[in-house]
Amino acid sequence: MGSAWQLYDELIEGVDAGERVLGMCEGSHWTCVEASCGTGVAATCKGGRRERLSPLAGKPLRDVAALAKSWDFETASVGVAALNAWYNQPERLNGLAGALLYADSGSRPCAEADPFAFLPGELEEFWRREGRRARVAVVGRFPRMEKIAQVADLSVLERARRADDDLPDTACEYVLPEADFAVVTGMAESNKTLPRLLELASGARTIVVGPSATIAPALLCAGAAHIAGSCVADADAVRGFIECGSSPLRSGGLASASLSR
């Protein structure tokens, strides 16, 4: 990539200038933006500078999506949710090569759409083919990583350590270039680390994962091999859970979707 902003600029420019924001809600941990084209969600990142948002209803969706470039990470999370309101929609994904939509709407992605379900099989195949365990780097601590640890050498990079063997996120400069597989949280889009993480993991099969992930070809061009994200299937359910400070993953209102190159 050229400028680190290239990925964000391409995503923002791809949003239809005629779409308008209908509303936004921000809970303790998640944000959603409702627009004339659909609803998008993103995990709410904390940190960075502090900015104040004016009311967003009626504003062009593209202008709100441009907030993804803000150095106030909460504001940037609003921008990423606005990007997802445009890109993470079935009508846009249906026309893309490599895109898959799944009918699930439960509290956990279906196995075909969940890297922590399908990666162990790929890692076992790598072991058989290469005669060694794969090196796997996961940016962000996720549940259900036990099977990966059984068949690969796993490193978890986490800004706020949750386990004794977590590495600090600054270890990315050392760990990702050595990885055979990398799994990156979609939250990296809001805190601006995603372009560099994709660059560092250029030698790995890299998967961007989670409801925050924008399912768009620009991420594939930036280095992702696979995006495992979500579409909002029931905006009312998702909004209700976010307003209560809960996760939209528990709402039953998300449906898994993916894009691969």
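Residues take their numbers from the sequence shown, with the count starting at 1.
Within a 6.0 Å sphere centred on NZ of K69, other residues, nucleotides and ligands contribute more than 12 heavy atoms. Heavy-atom contacts from other residues, nucleotides or ligands closer than 6.0 Å to CZ of R129 number more than 12.
Y174 and L154 end up in different hydrophobic clusters when Ile, Leu, Val, Met, Phe, Trp and Tyr side chains are linked at under 4.5 Å. Residues V15 and L22 do not share a hydrophobic cluster, clusters being chains of Ile/Leu/Val/Met/Phe/Trp/Tyr side chains in contact below 4.5 Å. Side-chain heavy atoms closer than 4.5 Å link hydrophobic residues (I, L, V, M, F, W, Y) into clusters, and following such links, even through other members, never connects V175 to V136. Two different hydrophobic clusters hold V80 and V184 under the rule that ILVMFWY side chains link at heavy-atom gaps under 4.5 Å. One hydrophobic cluster holds both L7 and V64 under the rule that ILVMFWY side chains link at heavy-atom gaps under 4.5 Å.
Here the side chain of W86 pairs a donor or acceptor atom with the backbone of G14 at under 3.5 angstrom. A distance-only check finds no donor-acceptor pair linking the side chain of D63 to the backbone of P60 [under 3.5 Å]. R261 places a side-chain N or O within 3.5 Å of a backbone atom of A224 that can act as its donor or acceptor partner. Judged purely by atom type and a 3.5 angstrom limit, R133 uses its side chain to pair as donor or acceptor with the backbone of A152. In this structure, the side chain of T44 does not engage the main chain of E74 through any donor-acceptor pair within 3.5 Å.
Classification of D153 and R135 as a salt-bridged pair fails, no side-chain N sitting under 4.0 Å from a carboxylate O. Under the 4.0 Å criterion applied to side-chain N and carboxylate O atoms, E158 and R161 are not assigned as salt-bridge partners. Remark: R141 engages D165 in a salt bridge, criterion side-chain N to carboxylate O under 4.0 Å. R52 has no carboxylate O lying under 4.0 Å from a charged side-chain N of D72, or vice versa, which leaves the two without a salt bridge. For E19 and R62, the salt-bridge test fails: no basic side-chain N is under 4.0 Å from an acidic carboxylate O. Of the charged side-chain nitrogens involved, none lies within less than 4.0 Å of a carboxylate oxygen, so that R92 and D16 do not count as a salt-bridged pair.
With contacts defined as side-chain heavy-atom distances shorter than 4.5 Å, the pair S70/E51 qualifies. Side chains of L96 and L259 form a contact here, defined as non-hydrogen atoms less than 4.5 Å apart. Looking at V156 and M145, their side chains come closer than 4.5 Å, going by heavy atoms from C-beta outward. Using a 4.5 Å heavy-atom threshold, the side chains of L249 and W30 count as touching. By the 4.5 Å heavy-atom criterion applied to side chains, I242 and E26 are not counted as neighbours. Residues V41 and S212 fail the side-chain proximity criterion, which asks for heavy atoms closer than 4.5 Å. Taking the side chain as every heavy atom from C-beta outward, C172 and L197 approach each other to under 4.5 Å. Two residues are said to be in side-chain contact when any heavy atoms from C-beta on lie closer than 4.5 Å; I215 and L93 meet this criterion.
Taking both residues in full, the closest heavy atoms of K192 and A76 are given as NZ-CB, 3.4 Å, listed atom of the first, atom of the second, then distance. Looking at every heavy atom in both residues, C25 comes nearest to R239 through SG-CG, 3.6 Å. Residues A43 and S77 approach most closely at O-OG, 3.3 Å, considering heavy atoms. The two atoms that bring V33 and A85 nearest to each other are O-CB, 3.8 Å, heavy atoms only. Closest approach of L219 and L198 over heavy atoms only: O-CD1, 4.2 Å. The minimum heavy-atom distance between A182 and A201, with the atom names listed, is CB-CB, 4.0 Å.
For the atom pair T185 OG1 and D169 CG, the distance stands at 12.0 Å (nearest 0.5 Å). Atom-to-atom distance recorded for L119:CG and F126:CZ is 12.0 Å, nearest 0.5 angstrom. Rounding to the nearest 0.5 angstrom, the gap separating the CG atom in L67 from the CG atom in L53 is 6.0 Å. Expressed to the nearest 0.5 Å, how far CD of E178 lies from CG of L200 amounts to 11.5 Å. Taking CH2 of W5 as the start and CG of L11 as the end, the distance is 12.5 Å to the nearest 0.5 Å. Taken from CG in L61 to CG in L83, the straight-line distance is 8.0 Å, to the nearest 0.5 Å.
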query: Does the pair L220 and I227 meet the rule for a side chain to side chain contact (heavy atoms under 4.5 Å, CB included), with working shown?
result: CA-CA 8 Å; L220 303 184; I227 307 162; 3.9 Å; yes
Residue pair E125, E122: steps toward the side chain to side chain contact (heavy atoms under 4.5 Å, CB included) verdict: CA-CA 5 Å; E125 174 58 29; E122 292 188 20; 5.6 Å; no
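Q150 and E146 are not linked by any side-chain donor-acceptor pair at a separation below 3.5 angstrom, with hydrogens and angles left out of the test. No hydrogens or angles considered: a donor-acceptor pair under 3.5 Å links the side chains of T193 and N191.
Here the two rings, on H226 and F181, have centers that are 6.0 Å apart or farther.
Screening T31, T214, T39 for a side chain to side chain donor-acceptor pair (under 3.5 Å) involving N84 leaves a single residue, T214.
Using the six-membered ring where Trp is involved, W71 and F73 have ring planes that are tilted, between 30° and 60° apart.
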